[in-house]
There are 2 protein chains.
Amino acid sequence: MMVSQSLEQGADTRRRILQAALSAFGHNDYDSVGIRRIVEAAGANIAAISYHFGGKKGLYLATAAYLAENLQAGMQQHLERIAAATAGGDPAQCRRMLSELVSRFAENLLTGALSDDAPGFIFREQNHPTDAFDILYEKLFRPMHETMAGLVACARSLPCDAEETRLVAHALLGPAIAFRAARTTMLRHLSRPVYTASDVARIKDLLALLTASALDYERRDAPPGEQP
Amino acid sequence: MMVSQSLEQGADTRRRILQAALSAFGHNDYDSVGIRRIVEAAGANIAAISYHFGGKKGLYLATAAYLAENLQAGMQQHLERIAAATAGGDPAQCRRMLSELVSRFAENLLTGALSDDAPGFIFREQNHPTDAFDILYEKLFRPMHETMAGLVACARSLPCDAEETRLVAHALLGPAIAFRAARTTMLRHLSRPVYTASDVARIKDLLALLTASALDYERRDAPPGEQP
DNA sequence: TCGATTAAGTCAAACGTTTGTTTTATACCT
DNA sequence: AGGTATAAAACAAACGTTTGACTTAATCGA
């Protein structure tokens with residue numbers, strides 16, 4: 001246990017501070033969070049922030065990168081699997097995968113390991129973009145959108161980069177976003193303090209159905225039989 | 001102009017401060033906004049906040065009430081008209097009104113008079129509810145949700161207070177919310193700095209179609225003819 | 001292998017600035 | 001006179017940052 005104590009001690013402190021910072025910045029605004037509370041929660045010293053991250057702003061950006069990498073790790077496998085399957089080009093399968101992806105996206109937002117800290121960070125960056133937004137966009141939003149757009153394009157026989165494709169892909173993620181971004185409102189509608197496990201299950205199933213049905217927009221007057 | 005100068009002067013200062021506070025709290029976090037900047041923008045003195053609102057927290061709550069009243073004023077007419085028509089109980093008409101309401105909701109979020117300031121305020125209260133959330137919920141979220149739930153219940157022949165009804169009503173607002181809450185992301189997807197007028201028009205039309213189509217969830221295998 | 005040197009990391013203390021709030025004083029109109 | 005409103009100044013508290021001393025581990029020359 002004595003080998004390379006100082007070699008890893010710095011990295012450990014860095015990680016503890018990042019974890020504390022993610023929790024703090026996820027639940028409170030940037031200016032509401034004092035670096036004193038962060039280092040206190042991390043069991044470190046105030047000067048550690050200036051030393052390891054160059055200051056509070058540097059810590060914030062490092063936290064964004066830390067968050068992006070952790071979230072990306074939990075999604076990349078699904079996105080890659082879907083991208084591989086999309087190459088086939090079967091619309092029916094793309095519709096199924098779209099429902100599954102939206103459902104899984106909702107689950108990550110509602111019960112994922114980072115579902116407590118990440119949304120607060122992300123939604124703040126949407127309203128008040130800083131340099132952290134670029135990190136989140138490249139590592140999270142863009143890959144997610146590209147995958148969604150690919151599925152929508154396949155399912156609706158549209159060009160991948162068509163404006164309609166992008167709008168639909170974004171809109172289809174809306175319901176899942178709403179259950180997390182407006183969680184407090186939804187919970188008050190349900191007269192409930194938190195989402196229960198069965199709530200999440202019902203939401204997931206409902207979103208899968210709504211997604212599949214919404215994909216048929218502008219086609220409701222078409223013949224009922226399911227053809228490619 | 002000389003009558004009751006001091007009687008209205010106080011109210012004027014109050015209103016100017018509220019307007020400046022709404023703009024400030026809508027674009028920046030609570031702790032990022034200094035009361036000195038607010039009174040500077042409002043052309044008032046620092047002590048005016050303590051005098052008129054009892055402090056910064058009192059100003060924030062007053063701003064929430066001010067925002068809620070202004071937003072409510074722009075929606076109540078539509079909600080009342082819809083509520084009156086819903087009493088008829090025609091599912092086909094309810095579906096039409098649902099699409100129209102979602103479309104109008106999106107327009108308010110994207111181009112309304114308060115679309116600059118309000119969303120930032122609202123989304124922050126969703127992530128970090130304070131006493132201001134209760135004000136917003138009672139005056140905005142609950143009436144909107146009740147109307148949506150009523151339309152969904154009528155369109156799908158469900159009880160008004162059924163859990164499914166509430167979930168669907170919330171989910172159907174999701175796409176509109178996504179185009180504003182994740183506006184920065186969507187704009188980057190479109191390689192555009194701001195939504196153009198035609199963007200908003202396309203989004204409105206698309207959301208109306210998606211809403212109508214999504215309402216047919218779990219029924220796609222049913223006979224195509226439209227029956228009550 | 002020993003002693004000196006360098007670098008990394010942590011720590012308590014103090015820096016100057018800014019925060020929201022309060023106090024004190026001054027006009028203004030009834 | 002008396003309440004209303006604004007103004008300037010001062011308040012303690014908290015902010016992010018910096019400083020210099022201290023410990024520890026690794027490196028180097030002899």
Side-chain angles (χ1 to χ4, degrees), chain A residues 1-25 27-64 66 121 124 128 130-132, chain B residues 1-25 27-64 66 121 124 128 130-132:
Chain A
M1 58 160 65
M2 69 299 298
V3 293
S4 68
Q5 175 179 341
S6 77
L7 270 179
E8 294 184 0
Q9 194 173 4
D12 258 30
T13 302
R14 228 186 96 98
R15 206 173 301 115
R16 289 201 318 274
I17 291 178
L18 280 176
Q19 192 62 47
L22 177 57
S23 174
F25 288 134
H27 290 47
N28 302 96
D29 298 332
Y30 179 83
D31 289 283
S32 306
V33 175
I35 61 174
R36 284 174 173 82
R37 296 183 188 174
I38 293 180
V39 295
E40 186 180 354
N45 186 269
I46 316 177
I49 285 178
S50 190
Y51 180 78
H52 287 285
F53 304 98
K56 188 184 184 184
K57 194 168 257 177
L59 170 61
Y60 185 77
L61 293 179
T63 305
Y66 178 73
F121 199 110
R124 170 153 33 86
H128 208 64
T130 68
D131 292 339
Chain B
M1 56 157 67
M2 69 301 298
V3 293
S4 65
Q5 173 179 342
S6 77
L7 271 179
E8 293 185 0
Q9 193 174 3
D12 258 29
T13 302
R14 228 186 96 99
R15 206 173 300 114
R16 289 202 317 273
I17 290 178
L18 280 176
Q19 193 61 47
L22 177 57
S23 174
F25 287 134
H27 290 62
N28 303 96
D29 300 331
Y30 179 83
D31 289 280
S32 305
V33 175
I35 59 174
R36 284 174 173 83
R37 296 183 188 174
I38 294 180
V39 296
E40 185 179 354
N45 188 268
I46 316 177
I49 283 177
S50 189
Y51 180 79
H52 286 284
F53 304 98
K56 187 184 183 183
K57 195 167 256 176
L59 169 62
Y60 185 76
L61 294 178
T63 305
Y66 178 73
F121 199 109
R124 171 153 33 85
H128 209 60
T130 68
D131 292 338

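Chain letters run A, B, ... following the sequence lines, proteins first, then strands; residues in each count from 1.
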Which pair of non-hydrogen atoms, one from A/Ile38 and one from A/Leu59, has the smallest distance, and what is that distance? CD1-CD2, 3.9 Å

Using the rule given for side-chain contact (heavy atoms from CB on, under 4.5 Å), can you reason through B/Leu61 versus B/Phe53, listing the C-alpha separation, both sets of side-chain angles and the distance that settles it, and then say yes or no? CA-CA 9 Å; B/Leu61 294 178; B/Phe53 304 98; over 6 Å; no

Against the six-membered ring of A/Tyr30, is A/Lys56 placed for a cation-pi contact (under 6.0 Å from the centre, within 45° of the normal)? yes

When every nucleotide of nucleotides 10-21 of chain C is labelled 5' to 3' by its protein contacts under 4.0 Å (heavy atoms), B for base, S for sugar-phosphate only, - for none, what sequence of letters results? BBB-B----BBB

A/His128 side chain to B/His27 backbone, donor-acceptor under 3.5 Å: yes

Is the centre of the B/Phe121 ring less than 6.0 Å from the centre of the B/Tyr60 ring? yes

